[in-house]
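Working notes, beginning with the structure itself.
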Amino acid sequence: MMDRSPSDLLADTAVTPVPGHAGRYAVEIPDRWSFLFPSGGVLTSAALRAISAEVADPELSLLSSTTVFAQAVPAGPCEVDVRVIRRGRAATQVHASLRSCEREGPGLEVLAVLARDREGPDFVDRAMPEVAAPVDSRVRRRMPR
């Protein structure tokens with residue numbers, strides 16, 4: 001039976017370092033985040049929390065992330081392995097792999113970029129370019145070879 005108690009994303013995605021394993025974090029994903037399995041959002045949040053813990057720089061904030069869901073991850077104990085790809089002055093790129101401790105194989109892979117606030121151009125509030133309406137667009141039925 002699924003747990004329907006109130007959810008607390010910060011508490012439910014809290015990670016702890018695994019002693020003796022550099023870059024590895026443990027997290028317990030409660031069943032209350034499940035539909036059939038825990039939602040991708042809560043799993044990605046847990047991986048991003050591990051990334052933040054590994055980077056350990058409060059001046060860096062999440063700029064972007066991409067998640068690939070390789071296999072469903074059941075509720076319960078999980079591990080997240082984090083690897084800093086590049087630590088720069090303005091931005092840091094990080095990779096994390098989250099997997100269930102109770103199931104073989106990969107769970108999800110996250111690639112994230114964290115950056116410092118800085119002076120310069122801001123592209124966040126750019127206007128959407130004029131494009132054709134979906135009904136007027138050409139549909140590509142299969143991938144090009």
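Positions are given from 1 along the sequence. Below, each value reflects all heavy atoms present in this structure, side chains not excepted, and no hydrogens, waters or symmetry copies.
Asp57 pairs by the salt bridge (Lys or Arg N to Asp or Glu O under 4.0 Å) definition with Arg116, not counting sequence neighbours. Considering only residues two or more places apart in sequence or on other chains, Glu54 meets the side-chain hydrogen bond (donor to acceptor under 3.5 Å, both in side chains) condition with Tyr25. Here Ser97 pairs with Glu109 under the side-chain hydrogen bond (donor to acceptor under 3.5 Å, both in side chains) rule; sequence neighbours left out. In this structure, the salt bridge (Lys or Arg N to Asp or Glu O under 4.0 Å) partners of Asp12, at least two apart in sequence or on a different chain, are Arg32. Residues forming a side chain to side chain contact (heavy atoms under 4.5 Å, CB included) with Asp117 (at least two apart in sequence, or on another chain): none. Scanning for side-chain hydrogen bond (donor to acceptor under 3.5 Å, both in side chains) contacts around Glu28 gives an empty result, with sequence neighbours left out. Residues satisfying the side chain to side chain contact (heavy atoms under 4.5 Å, CB included) criterion with Ala70, sequence neighbours excluded, are Pro106. The side chain to side chain contact (heavy atoms under 4.5 Å, CB included) test applied to Ala11 returns Asp8, not counting sequence neighbours.
Heavy-atom minimum distance, Pro74 versus Ala72: CD-O, 3.8 Å.
Here the CZ atom belonging to Arg103 is positioned 4.5 Å from the CZ atom belonging to Phe37, to the nearest 0.5 angstrom.
No chain of hydrophobic side-chain contacts below 4.5 Å, direct or via other Ile, Leu, Val, Met, Phe, Trp or Tyr residues, connects Val18 to Val73.
Partner Leu98 forms a side-chain contact (heavy atoms from CB on, under 4.5 Å) with one of Val80, Val82, Val110 and no other, that one being Val80.
Counting Ile, Leu, Val, Met, Phe, Trp and Tyr side chains that sit under 4.5 Å apart, directly or through other members, Val113 shares a hydrophobic cluster with Leu63. Taking a 4.5 Å side-chain heavy-atom cut-off between Ile, Leu, Val, Met, Phe, Trp and Tyr, the cluster of Ile85 extends to Leu111.
By the 4.5 Å heavy-atom criterion applied to side chains, Ile51 and Leu62 are not counted as neighbours. Here the side chains of Val84 and His95 are not in contact, with every heavy-atom distance at 4.5 Å or above.
Arg86 places no side-chain N or O within 3.5 Å of a backbone atom of Val94 that could act as its donor or acceptor partner.
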Residues 42-50, side-chain donor-acceptor partners within the protein, below 3.5 Å, at least two apart:
residue: Thr44; atom: OG1; partner: Gly40; partner atom: O; Å: 2.9
residue: Thr44; atom: OG1; partner: Thr67; partner atom: OG1; Å: 3.3
residue: Ser45; atom: OG; partner: Gly41; partner atom: O; Å: 2.8
residue: Arg49; atom: NH1; partner: Leu10; partner atom: O; Å: 2.8
residue: Arg49; atom: NH1; partner: Thr13; partner atom: OG1; Å: 2.9

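Here salt bridge (Lys or Arg N to Asp or Glu O under 4.0 Å) pairs that include residues 91-102, with residues two or more places apart or in two chains, are Glu79-Arg99, Asp81-Arg99.
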